[in-house]
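As structure tokens, the structure follows; a few thoughts come after it.
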Amino acid sequence: MRLLWKLVILLPLINSSAGDGLLSRPIFTQEPHDVIFPLDLSKSEVILNCAANGYPSPHYRWKQNGTDIDFTMSYHYRLDGGSLAINSPHTDQDIGMYQCLATNLLGTILSRKAKLQFAYIEDFETKTRSTVSVREGQGVVLLCGPPPHFGAPPEWEQKIQNTHLSIYDNLLWECKASGKPNPWYTWLKNGERLNPEERIQIENGTLIITMLNVSDSGVYQCAAENKYQIIYANAELRVLASAPDFSKSPVKKKSFVQVGGDIVIGCKPNAFPRAAISWKRGTETLRQSKRIFLLEDGSLKIYNITRSDAGSYTCIATNQFGTAKNTGSLIVKERTVITVPPSKMDVTVGESIVLPCQVSHDPSIEVVFVWFFNGDVIDLKKGVAHFERIGGESVGDLMIRNIQLHHSGKYLCTVQTTLESLSAVADIIVRGPPGPPEDVQVEDISSTTSQLSWRAGPDNNSPIQIFTIQTRTPFSVGWQAVATVPEILNGKTYNATVVGLSPWVEYEFRVVAGNSIGIGEPSEPSELLRTKASVPVVAPVNIHGGGGSRSELVITWESIPEELQNGEGFGYIIMFRPVGSTTWSKEKVSSVESSRFVYRNESIIPLSPFEVKVGVYNNEGEGSLSTVTIVYSGEDEPQLAPRGTSLQSFSASEMEVSWNAIAWNRNTGRVLGYEVLYWTDDSKESMIGKIRVSGNVTTKNITGLKANTIYFASVRAYNTAGTGPSSPPVNVTTKKSPPSQPPANIAWKLTNSKLCLNWEHVKTMENESEVLGYKILYRQNRQSKTHILETNNTSAELLVPFEEDYLIEIRTVSDGGDGSSSEEIRIPKMSSLSSRGIQFLEPSTHFLSIVIVIFHCFAIQPLI
């Protein structure tokens, strides 16, 4: 709730300040510092400073020891700008840590902590001291307990550090401390006060000792003292004197350099005082020349190395305490040379290129290739997209796959060895289709035209050759190119007139640029603008009509889509007249979605021809009319019922209705077809089936019926006005259901290519049709075509190929239709039976309905 309350207050401030300047968070220009406040009567107020910039201007709060100061509860504290003023401060109440907080709309900042302390000294205690007795001539100490007070003891700002120097060097030490009052300094060596001498200078916190000798070694102390405390800083001075020694910093055992290069061989023995240095190559003493230099620190530098410079080099170091030597070897290698550097290339976006970088080098030196692109390392180990290193040890070629526009730039191949680093650079220019044009502006839009202007986008290193303008409307499928004036927009054209627009349609425009590489990305779409309205010019098409009731003229057409209506107030003009008349009747339909008009007049003669035209209009005026179409007026329903209606049942589920065609004329009503109605006498089933046939068809098969059920049917004619009277109903009873039991106990015998089949006669139930015969359905195993053999017997004979398996089913035939089929029997091919021998299965009452046995073929009368 508190956050919501703050937002209610801050939102008006945000709105009011948005137009005045840029918002900025608070930034301190002044933060509070530690304060030591003397408690005397001349001052009665402490000021802790705080100020900050920001927009809006910040407001301030203060914390004491982490707790907010409540300025409303006490006059002891007050704000002076951002500073905190403490009136009549108290040592016990106001001492502590203070922080300033500055807040505006963008946030709060917290200052550093400032410590408030008080400097004071109170009166001596008034309590009487006890008497001190002492003998004459003896010393005495009278203690003086100071009154309660506050001051600042010394604190180190700069301490001395342990130092190792050579004999005859000079020492400079400086220490510095702060305190109130300011401290004074003394120096001690090994616990004894150090006084100035000929070589020793002491000034405040500075100690200088010149021409050091070994006896100057020791532990030194700098003491800083004021009336409150004394503090010490300790450090050891060690003065060294020794002969040269290479044990800790020997000459490098092996130094490598390439022919033509430079080398520095270091020589830095430990020696106190510093040693004098000389060099030998083998047994020959080296002297300075144009190529050989002895550096100030004792190192040996050789320029423009040759093969003859290889060998051992000895550094000789000498001081008054002795001499030392140390030897190292110089090994000279052949130079590394970039033999095939990368070269400037001009490529097309999407190509793959190879930048060569090949070298010759000393076989004993390892070569590392590193590629840079516009100054940044290409980290090939991380699998950077597009980049791949190819080649062997001396080949560092860089492959760039599917190069993109942003890959244009400088490519640097660096060849790094332990001795040197070489590089070669090449510029790659990637050319691509232009970038999207910019700042598309639409001006002077009319009903069919508009003026466009734009700015070219980046050409992507290939000059722009052509611009294309595209449009999109709520009715178009995506963006489509449009005609312009001028017709061709070359790469220097930045404005054009778009023509061929549809009136009163909202358009968006965009521009696409092309160059020799291809077509680039389109510009951002322009704002959505609507063309001006105009008279509609597209007339309706597909004028039809007819039908309807008596005394009606029904006219239909294909409605005009919205994008062709050309303005508001769109509607249709209907013009019609009887054929042969000279006077047109005119009606208007104001609904833009209408596609049908009905004219009613009792004087209209049924099926009279009319000439019809349909036009369009909107608020701008009337537009085009369609061509004339002949449409007939409505007609009466048929007046006659069909005669000679009859019913015939074909099976348990099918019957046929037949009737005589009606000889009609204009007075009896036109007949377009017939409608068959059928139903049962079962009162529980009130639904009536209804089927239509068109033209002069006078029979209709009806399927999907119930078995052994009485069905009624009647027929009536129909036309566009409706249906006529029904014929008297007729009825028929559908056949009983076909046998439900399949043929059983099927046996077969295969001799050569003759197959003999035998099965038991199927007995039907009382509610099933009698068996009239049987159908044998057979097909080859590899074929889908099924053959049918019908018979009145319970046996049959088939001729089958020698090398084919056969699949056979047997089903019953009855007035109610075909009955259930037996299970499918597979008859193996003769070669299969011959290879494994013939097996006999004796029939048994325990077998399934299909029993396979070998029997003598009976005489068969197949029905073919």
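Excluded from the calculations below are hydrogen atoms, water molecules and symmetry mates; all remaining heavy atoms, backbone and side chain alike, are included.
- Pairs of residues two or more places apart, or lying in two chains, never qualify as salt bridge (Lys or Arg N to Asp or Glu O under 4.0 Å) while including a residue from residues 484-494.
- When the salt bridge (charged side-chain N to carboxylate O under 4.0 Å, His left out) test is applied to Arg550, the partners found at least two apart in sequence or on another chain are Asp636.
- Asn566 contributes a side-chain N or O that, together with a main-chain N or O of Val535, makes up a donor-acceptor pair within less than 3.5 Å.
- Using modelled atom types, one finds a donor on one side chain and an acceptor on the other under 3.5 Å when comparing Thr493 with Asn490.
- Not counting sequence neighbours, Lys532 has no partner by the salt bridge (charged side-chain N to carboxylate O under 4.0 Å, His left out) test.
- Taking 4.5 Å as the limit, every side-chain heavy atom of Thr680 sits out of range of all side-chain heavy atoms of Ile710.
- How far OH of Tyr617 is from CG of Leu625: 13.0 Å, rounded to the nearest 0.5 Å.
- Residue Leu355 comes nearest to Pro342 through the heavy atom pair CB-CB, 4.4 Å, listed as atom of the first residue, atom of the second, then distance.
- The shortest distance between side-chain heavy atoms of Thr531 and Thr448 does not fall below 4.5 Å.
- Although no hydrogens or angles enter the test, the distance criterion places a donor-acceptor pair under 3.5 Å between the side chain of Ser476 and the main chain of Thr473.
- Using a 4.5 Å heavy-atom cutoff, the side chains of Leu398 and Tyr411 are in contact.
- Using a 4.5 Å cut-off on side-chain heavy atoms (C-beta onward), Gln565 and Val592 make contact.
- Side chains of Glu552 and Ser633: a donor-acceptor N/O pair is absent below 3.5 angstrom, by distance only.
- Taking the six-membered ring where tryptophan is involved, the planes of His407 and His386 are perpendicular, since the angle between them exceeds 60° and thus also 30°.
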Q: Decide yes or no on side chain to side chain contact (heavy atoms under 4.5 Å, CB included) for Val612 and Met575, but give the supporting numbers first.
A: CA-CA 6 Å; Val612 174; Met575 301 186 71; over 6 Å; no

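- Counting all heavy atoms, side chain and backbone alike, Met655 lies closest to Val732 at SD-CG1, 3.8 Å.
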Q: Give the C-alpha distance, both sets of side-chain angles, the deciding distance and a yes or no for side chain to side chain donor-acceptor pair (under 3.5 Å) between Thr497 and Gln451.
A: CA-CA 5 Å; Thr497 300; Gln451 296 287 332; 2.6 Å; yes

**Q.** Candidate pair Val657 and Thr699, rule side chain to side chain contact (heavy atoms under 4.5 Å, CB included), full reasoning
**A.** CA-CA 6 Å; Val657 186; Thr699 60; over 6 Å; no

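- At a threshold of 4.5 Å between non-hydrogen side-chain atoms, the residues Asn701 and Glu654 count as touching.
- In this structure, CZ in Arg431 is found 6.5 Å from OG in Ser462, a value given to the nearest 0.5 Å.
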**Q.** Intermediate values then yes/no, side chain to side chain contact (heavy atoms under 4.5 Å, CB included), Val598 and Leu553
**A.** CA-CA 6 Å; Val598 179; Leu553 175 63; over 6 Å; no

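- Among all heavy-atom pairs drawn from Val715 and Pro642, the shortest one is O-CD, 3.3 Å.
- Under a cut-off of 6.0 angstrom, the local environment of CG in Asp346 is crowded, with over 12 non-hydrogen atoms contributed by other residues, nucleotides or ligands.
- The side-chain hydrogen bond (donor to acceptor under 3.5 Å, both in side chains) check on Tyr599 picks up Asn601, with sequence neighbours excluded.
- Residues forming a ring pair (Phe, Tyr, Trp, His ring centres under 6.0 Å) with Phe570 (at least two apart in sequence, or on another chain): Tyr572.
- In this structure, the separation between CD on Glu620 and OG on Ser447 is 9.0 Å, given to the nearest 0.5 Å.
- The distance from the CG atom of Leu105 to the CZ atom of Arg25 is 14.5 Å, given to the nearest 0.5 Å.
- The salt bridge (charged side-chain N to carboxylate O under 4.0 Å, His left out) check on Asp427 picks up Lys410, with sequence neighbours excluded.
- Between the side chain of Ser649 and the backbone N or O of Lys735, at least one donor-acceptor pair lies under 3.5 Å.
- Residues Ser646 and Ser658 have side chains that bring a donor and an acceptor to within less than 3.5 angstrom of each other.
- Contact detail for Val631 and His544: the closest heavy-atom pair is CG2-O, 3.7 Å.
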Q. Would Ile630 and Glu611 count as a side chain to side chain contact (heavy atoms under 4.5 Å, CB included) if you check the C-alpha gap in whole Å, the side-chain angles of each, and the deciding distance to 0.1 Å?
A. CA-CA 5 Å; Ile630 302 299; Glu611 293 180 311; 3.8 Å; yes

Q: Kindly indicate, with the supporting measurements, whether the criterion side chain to side chain donor-acceptor pair (under 3.5 Å) is fulfilled by Ser559 and Ser595.
A: CA-CA 5 Å; Ser559 60; Ser595 60; 5.6 Å; no

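- With sequence neighbours excluded, the residues forming a salt bridge (charged side-chain N to carboxylate O under 4.0 Å, His left out) with Lys586 are Glu622, listed by chain and number.
- Considering only heavy atoms from C-beta on, Trp584 comes within 4.5 Å of Lys613 through its side chain.
- Residues in residues 466-481 take part in these salt bridge (Lys or Arg N to Asp or Glu O under 4.0 Å) pairs, two or more places apart or across chains: Arg472-Glu508.
- The CZ atom of Arg670 sits 9.5 Å away from the OH atom of Tyr632 when rounded to the nearest 0.5 Å.
- Screening residues 516-530 for salt bridge (Lys or Arg N to Asp or Glu O under 4.0 Å), with sequence neighbours left out, gives Glu506-Arg530.
- Under a 3.5 Å cut-off, the side chain of Asn104 and the backbone N or O of Ser24 do form a donor-acceptor pair.
- Each ring pair (Phe, Tyr, Trp, His ring centres under 6.0 Å) pair with one or both residues in residues 646-666, not counting sequence neighbours, appears once here: Trp659-Tyr674.
- Side-chain atoms of Asn515 come within 3.5 Å of backbone N or O of Gly432 as a donor-acceptor pair.
- Side-chain contact between Asn618 and Pro536 is present, with at least one heavy-atom pair separated by less than 4.5 Å.
- In terms of heavy-atom proximity, Tyr507 sits nearest to Thr471 at CD2-CB, 3.9 Å.
- Taking OG from Ser626 and CG from Asn542, the interatomic distance works out to 10.5 Å, rounded to the nearest 0.5 Å.
- Every residue was checked against the ring pair (Phe, Tyr, Trp, His ring centres under 6.0 Å) condition with Tyr711, not counting sequence neighbours, and none meets it.
- The heavy-atom pair separating Gln404 from Val430 by the smallest distance is O-CG1, 3.5 Å.
- A 4.5 Å side-chain heavy-atom check between Ser714 and Leu677 finds at least one atom pair inside the cut-off.
- A search for ring pair (Phe, Tyr, Trp, His ring centres under 6.0 Å) contacts involving Phe610 returns nothing, not counting sequence neighbours.
- With a 6.0 Å radius and a threshold of 12 heavy atoms from other residues, nucleotides or ligands, Lys690 has its NZ atom at or below the threshold.
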Q: In sequence, state the C-alpha distance, the side-chain angles, and the governing distance for Phe467 and Trp454, and then conclude on ring pair (Phe, Tyr, Trp, His ring centres under 6.0 Å).
A: CA-CA 10 Å; Phe467 290 103; Trp454 61 91; 5.6 Å; yes

